Amino acid sequence: MIVLVLGRSLTSSSLYKTPPFTQIPIQFKPIFLLHPKFQSLTPIQPSSSSMATCVDSSTPPLSRKPNVSQPDDCSFNFAKFFQPTFSDRVSSIPISTNHEKASVLEDFEQVHDKVQNEVDDDANVRFDLWLKIQEEARLDLDQEPILSSYYFSSILSHKSFESALANQLSIHLSNLSLSSTTLFDIFKSVIDDDEDIINAMKFDIEAVKERDPACISYVHCLLNFKGFLAMQAHRVAHKLWLQGRKVLALLIQNRVSEVFAVDIHPGAKIGRGILLDHATGLVVGETAVIGNNVAILHNVTLGGTGKACGDRHPKIADGVLIGAGTCILGNVSIGDGAKIGAGSVVLKDVPPRTTAVGNPAKLIGGKDNPIMLDKIPSFTMDHTSYISDWSDYVI
């Protein structure tokens, strides 16, 4: 048998006379599968290749010789993955502005400022969050090795949270005539150019993890929560809308509506720390404004009242909780820390820290002396505490 290698003929009798790793001009470099004990190594993204490489900063470099024993110590000394959670610091802080509670309000403001300062440390948050997501992905693979290819392409082959998120959005929203590669380039370029979008995305995934008991991990949210994904697609579409690229922004809105059943006009202004729980059937109009740390359940409409143009959609302040099946119609304001009960139809302004429920919605405690909430409803996610004051009906 004659083997032709780069223009030189070698006979089979001399093919293995030289060890495969001898430094000669022609050599055979075998491809080795990753040994199971190195599957927990940290993947990084080399600048010259699209594939991930596994290295362990705590051990010497791996030998290129397959027959040489490798170090067994593949342990990691991970730093603290994320900042302290929101729920254990602010969810139980009263937001009443009564004079007798002035000191409590000052404490709340101090805690709020502390949270903002800690989370706004962009480099640390981004680094810690991405490490946490990667570790969760490896733990998932320990339980379900059959998903190794999916987790590698979705998480472990990417070098940043932004890249993995852009990849998820592009795959979900692509179709036969709109390639995922084109969408990935659009999402990645918009996200990378706007630090505010990146920060908002971090706040959003933290909000889902902390406030939705169905969310078991950050990687679970990134891969499977359509409310979170729809929210991030809207952030990109809104940026394109502001840049005057309205055709592309509306295209993304339409694809999100078709794929996720979430219809948010790209002109709507939305803050950060948003939880879209379940999200199916959510409709948000063009001139709607949603503040920070708002929680919205499924089948909610923030719409207009007719064919009127101009500023015609609701304005939702910070910390508001909107229950499932709620319709808020017209240019009305929902005050800070207000709660809207499930199935309500709101046609008038709702004062801060009050609860409105019913069709048409009425304030719990009455218009003249409504009951004031002492906790931020979007953090507590309490949907039923008002029932005893609203009705004594028992099934």
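As the structure is a computational prediction, the values presented were derived from the model and not from experiment.
The other members of the hydrophobic cluster of Val345, by chain and number, are Leu329, Leu347 (side-chain heavy atoms under 4.5 Å, ILVMFWY only). Residue Leu176 belongs to no hydrophobic cluster, having no ILVMFWY side-chain heavy atom closer than 4.5 Å to its own.
We find that Glu162 and Lys202 are joined by a salt bridge, their nearest charged nitrogen and carboxylate oxygen being less than 4.0 Å apart. Using a cutoff of 4.0 Å between basic side-chain nitrogens and carboxylate oxygens, Glu135 and Arg138 are not scored as salt-bridged.
If you look at His158 and Trp130, their ring centroids are not closer than 6.0 Å.
Going from atom NZ of Lys188 over to atom CG of Asp193 covers 9.5 Å, rounded to the nearest 0.5 Å. For the atom pair CG (Leu222) and CG (Asn167), the distance works out to 9.0 Å, reported to the nearest 0.5 Å. Here CZ of Arg353 is found 14.0 Å from NZ of Lys339. Values are rounded to the nearest 0.5 Å. Annotation: the span from Lys362 atom NZ to Lys367 atom NZ amounts to 12.0 Å, rounded to 0.5 Å. Summarising the geometry, atom CD1 belonging to Ile290 is positioned 7.0 Å from atom CE belonging to Met231; distances are rounded to the nearest 0.5 Å. How far CG of Leu302 is from CD1 of Ile316: 5.0 Å, rounded to the nearest 0.5 Å.
Between Phe260 and Leu173 the shortest side-chain heavy-atom distance falls below 4.5 Å. Contact of the Tyr151 side chain with the Leu223 side chain is registered, since non-hydrogen atoms from C-beta on lie closer than 4.5 Å.
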Notebook entry, point to check: Which is it for Leu321 and Ile376 under the side chain to side chain contact (heavy atoms under 4.5 Å, CB included) test, yes or no, and what are the steps along the way?
Noted result: CA-CA 9 Å; Leu321 171 63; Ile376 303 175; over 6 Å; no
Margin query: Working note: Ile191 + Met201, criterion side chain to side chain contact (heavy atoms under 4.5 Å, CB included); need CA distance, chi angles, decisive distance, verdict.
Written below: CA-CA 10 Å; Ile191 294 172; Met201 290 174 171; 3.6 Å; yes
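Residue Arg245 places its CZ atom among 12 or fewer non-hydrogen atoms of other residues, nucleotides or ligands, all under 6.0 Å distant.
The side chain to side chain donor-acceptor pair (under 3.5 Å) test with Asp204 singles out one residue from Lys209, Arg272, Gln232, and that residue is Gln232. Checking each of Lys132, Glu136, Glu206 against Tyr218 for a side chain to side chain donor-acceptor pair (under 3.5 Å) leaves exactly one that passes, namely Glu206.
Under a hydrophobic clustering in which Ile, Leu, Val, Met, Phe, Trp and Tyr are joined whenever their side-chain heavy atoms come within less than 4.5 Å, directly or via other members, Phe228 and Phe184 fall into different clusters.
With sequence neighbours left out, Asp194 forms a salt bridge (charged side-chain N to carboxylate O under 4.0 Å, His left out) with Lys239.
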